[in-house]
Amino acid sequence: SVKAVMICGENGKFSAGADIKGFSSPKRRGIALGPIVSLIERSEKPVVAAIEGVALGGGLEVALGCHYRIAHVKARMGLPEVTIGLLPGAEGTQRLPRLVGVPAALDMITTGKVLCLVIPPAWPKTHEFLLPMYLPDVDALFCNSIFLPPGQPLGPRRLSLKPVPKLPNMEAFLSEALVKVKKQAHGCLAPELCFQAVKAATEQPFADGVRREQELFNVLLTSGQAQALQYAFFAERAVQKWTTPSGASWKISDSVSLLSLGLGTMGRGIVTSLVKAKIPVVALEQDLEYLNMGRKAVMFLLEREAMKMEQGAQTLDFHNPARLQFTVDFDVLRDVDLVIEAVFENMALKKEIFHKLSRICKPGAFLCTNTSALNINEIASATSRPQQVIGTHFFSPAHVMKLLEIIYGHHTSPTTIATAMQLAKVLKKVGVVVGNCFGFAGNRMMFPYAQQAVFLLEEGSRPEAVDQVIEDFGFRIGPFRMSDLAGLDVGTPARQRHGHRYSPLPDLLCENGRFGQKTGKGWYQYEKAGGRTAKPDPWLHSFLSQYRDTHRIKTRFIDQEEILERCLFSLINEGFDILAEGIASGPEHLDVIYINGYGWPKHRGGPMFYASTVGLSRILAKLQKYSEAHPDVPGLQPSAFLKKLVAMGNPPLKEWMSYLSRPNNKL
Ligand SMILES: C[C@H](O)[C@H](C)C(=O)SCCNC(=O)CCNC(=O)[C@H](O)C(C)(C)COP(=O)([O-])OP(=O)([O-])OC[C@H]1O[C@@H](n2cnc3c(N)ncnc32)[C@H](O)[C@@H]1OP(=O)([O-])[O-]
């Protein structure tokens with residue numbers, strides 16, 4: 001008597017796919033999802049997938065095995081397996097191309113993009129995928145089952161029986177698509193294997209394609225990259241549940257409307273970020289000249305962002321003064337809930353501004369500083385409300401980079417921290433709460449890394465050699481290309497004197513007018529000032545050899561392993577000190593910071609996860625070797641916490657913090 005079967009989710013969600021936690025456990029439980037999807041498809045009764053909320057991964061694959069799919073207009077669908085180092089393993093790589101064609105299927109599966117329904121006016125009702133049906137009451141739909149004309153044969157509704165739509169130039173299309181997939185993978189395996197699975201659908205019958213899909217899935221499942229990406233998935237969620245040594249925790253939060261202050265490079269990106277998040281903003285500059293320059297830059301960025309937004313998605317309303325206003329008048333700050341200061345990295349200037357803010361802003365207003373390293377407590381001491389002062393360290397370009405490092409001072413209240421975390425969420429950024437020290441967490445780990453890179457030049461290497469090793473590891477950009485991009489005159493590595501080795505190389509280049517891309521030469525040479533194409537520079541090579549002669553530095557050939565280890569292990573070493581001091585509350589926090597703020601390759605999980613895969617004993621042994629060779633470089637002396645973990649038998653990353661009796665919190 002059954003007329004049709006309806007598969008739907010609960011709580012307004014269809015399904016987010018397989019339980020990712022299940023993949024990391026060696027003994028994966030239960031039978032595979034693929035055969036279940038095929039069983040659904042073989043049903044003699046019509047099966048309809050009623051999609052609300054999300055249909056992701058295995059969830060969408062179940063829907064593809066149904067004969068009909070109907071979706072709520074706000075439903076979101078995708079096959080995001082590639083983002084966790086896998087591929088759709090329930091026959092999705094074979095069914096999706098049969099439904100939407102190879103180009104669309106490849107795009108979805110190799111990028112993991114999640115699609116919203118964009119309902120064009122003249123929606124072709126025959127195109128049943130993403131059929132825009134409201135589901136006010138799934139049961140009513142079920143009773144009516146209005147979609148299923150009686151007696152319609154189910155054969156044509158079974159995607160596995162449908163041929164993959166042909167392309168006139170399939171071979172050429174696929175080879176071009178493969179080049180693009182490889183280019184965007186940056187060393188990550190999954191995108192290319194996703195491509196291979198979809199390619200199999202164009203060449204083999206369904207059953208053979210499914211076998212090929214399973215082979216490729218199993219290769220990825222056991223790859224270290226899948227474990228690293230799944231670790232990063234949960235780490236990004238773990239950092240939302242922040243706590244501080246003083247006992248503040250994530251369970252409280254507040255809403256904000258806000259004003260940003262200062263329109264330097266960072267300020268422009270921050271304003272753009274806020275306007276994109278539909279937060280009313282007033283941008284304030286020191287004088288009209290700077291204000292007009294800043295306004296022009298912000299409007300340019302916003303025009304570009306508006307063009308990038310999907311057609312039909314909400315537009316950016318930034319011509320409306322109620323949404324975005326520019327001024328030089330400090331008095332405008334009276335009514336705002338939150339201020340973000342983004343002026344020059346000068347403590348005296350920041351204290352002067354915070355003193356002024358403290359007098360002008362309403363009592364409940366939060367005062368945030370975008371400083372990248374300066375002492376939050378000292379800035380807060382210039383106000384009468386230190387409990388409402390916090391660091392909100394954006395990363396350049398602020399409207400693109402996902403990381404927002406949130407730094408609490410000694411007096412910062414839990415509500416202030418929670419409000420800053422809420423701001424990160426509203427800006428669709430990843431907020432990470434850390435303690436106050438020079439360089440906080442991210443930059444503090446970056447100092448020894450950048451310092452080692454320059455020392456390697458002194459000892460015989462070249463910028464292009466160091467950058468090559470770091471970029472082959474998976475970083476988008478090596479330390480010297482980064483330094484040229486940021487400008488050598490901006491924040492050179494922390495100079496350590498008092499008997500500790502330091503390198504004047506960056507300053508000497510500046511004295512030679514070599515600031516990087518902005519002057520057309522720095523560690524590399526460029527086609528022109530502002531040029532982007534870095535070319536090795538013979539001038540620099542001879543400058544380095546003269547420099548070595550002057551300082552009587554005996555040069556030697558430095559192999560790739562030493563370059564990688566001295567840069568990354570010194571960064572990781574600093575991370576262990578940061579954990580021991582309670583500046584960060586767990587290794588996941590440092591990994592999320594590096595993945596989202598410094599371009600650490602996500603498929604390697606982050607510096608601390610990477611350390612756990614290399615093995616702490618190996619890292620300790622290498623640091624001991626390098627610090628014996630360079631006794632005047634503190635950054636290479638192994639962290640006491642690292643030594644303790646090795647002495648305790650290399651516990652897994654999840655247990656590291658339990659070995660800290662009580663972090664000697666410096667706050
Ligand atoms: C066979 C098949 O081919 C293959 C092999 C697969 O199917 S592989 C799996 C493919 N599916 C995915 O990749 C989807 C991943 N999830 C998401 O994209 C998002 O979660 C979301 C669905 C869009 C909701 O976002 P949200 O912002 O509203 O909440 P949240 O904070 O992200 O998540 C809320 C809580 O749910 C947890 N969670 C979410 N998705 C999960 C999943 N797939 N597995 C395990 N836990 C998950 C998450 O850790 C958090 O836990 P806690 O921190 O609260 O303890």
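Note that the coordinates shown come from a computational prediction; the quantities given were computed from them, not determined experimentally. We count ligands from 1, going down the list as the structure has it; atoms in each ligand are counted the same way.
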Participant: Between Phe473 and Tyr610, is the ring centre distance below 6.0 Å?
Facilitator: yes

Participant: Show me a pair-per-line table, with atom names and distances to 0.1 Å, of protein N or O atoms that are under 3.5 Å from an N or O of ligand 1.
Facilitator:
from     : atom 1 : to     : atom 2 : distance (Å)
ligand 1 : 3 (O)  : Glu61  : OE1    : 2.5
ligand 1 : 3 (O)  : Glu81  : OE2    : 2.8
ligand 1 : 3 (O)  : Gly89  : N      : 2.8
ligand 1 : 7 (O)  : Ala18  : N      : 2.8
ligand 1 : 7 (O)  : Gly58  : N      : 2.8
ligand 1 : 11 (N) : Ala16  : O      : 2.7
ligand 1 : 32 (O) : Arg237 : NE     : 2.7
ligand 1 : 32 (O) : Arg237 : NH2    : 3.2
ligand 1 : 43 (N) : Ala18  : O      : 2.9
ligand 1 : 44 (N) : Ile20  : N      : 2.8
ligand 1 : 53 (O) : Lys241 : NZ     : 2.7

Participant: Look up atom CG in Leu220 and atom CG in Leu193, then write down how far apart they are to the nearest 0.5 Å.
Facilitator: 4.5 Å

Participant: Are the side chain of Glu41 and the backbone N or O of Arg157 linked by a donor-acceptor pair below 3.5 Å?
Facilitator: no

Participant: Search all heavy atoms of Ser612 against all heavy atoms of Trp656 and return the closest pair with its distance.
Facilitator: CB-CZ2, 4.0 Å

Participant: Quick one, Glu44 with Arg158, criterion salt bridge (charged side-chain N to carboxylate O under 4.0 Å, His left out). Give me CA distance, side-chain angles, the key distance, then yes/no.
Facilitator: CA-CA 11 Å; Glu44 286 310 316; Arg158 293 188 174 105; 3.6 Å; yes

Participant: What side-chain donor-acceptor pairs closer than 3.5 Å can you find for residues 201-209, not counting sequence neighbours?
Facilitator:
from   : atom 1 : to     : atom 2 : distance (Å)
Thr202 : OG1    : Lys199 : O      : 2.5
Glu203 : OE2    : Lys199 : NZ     : 2.8
Asp208 : OD1    : Arg211 : NH2    : 2.4

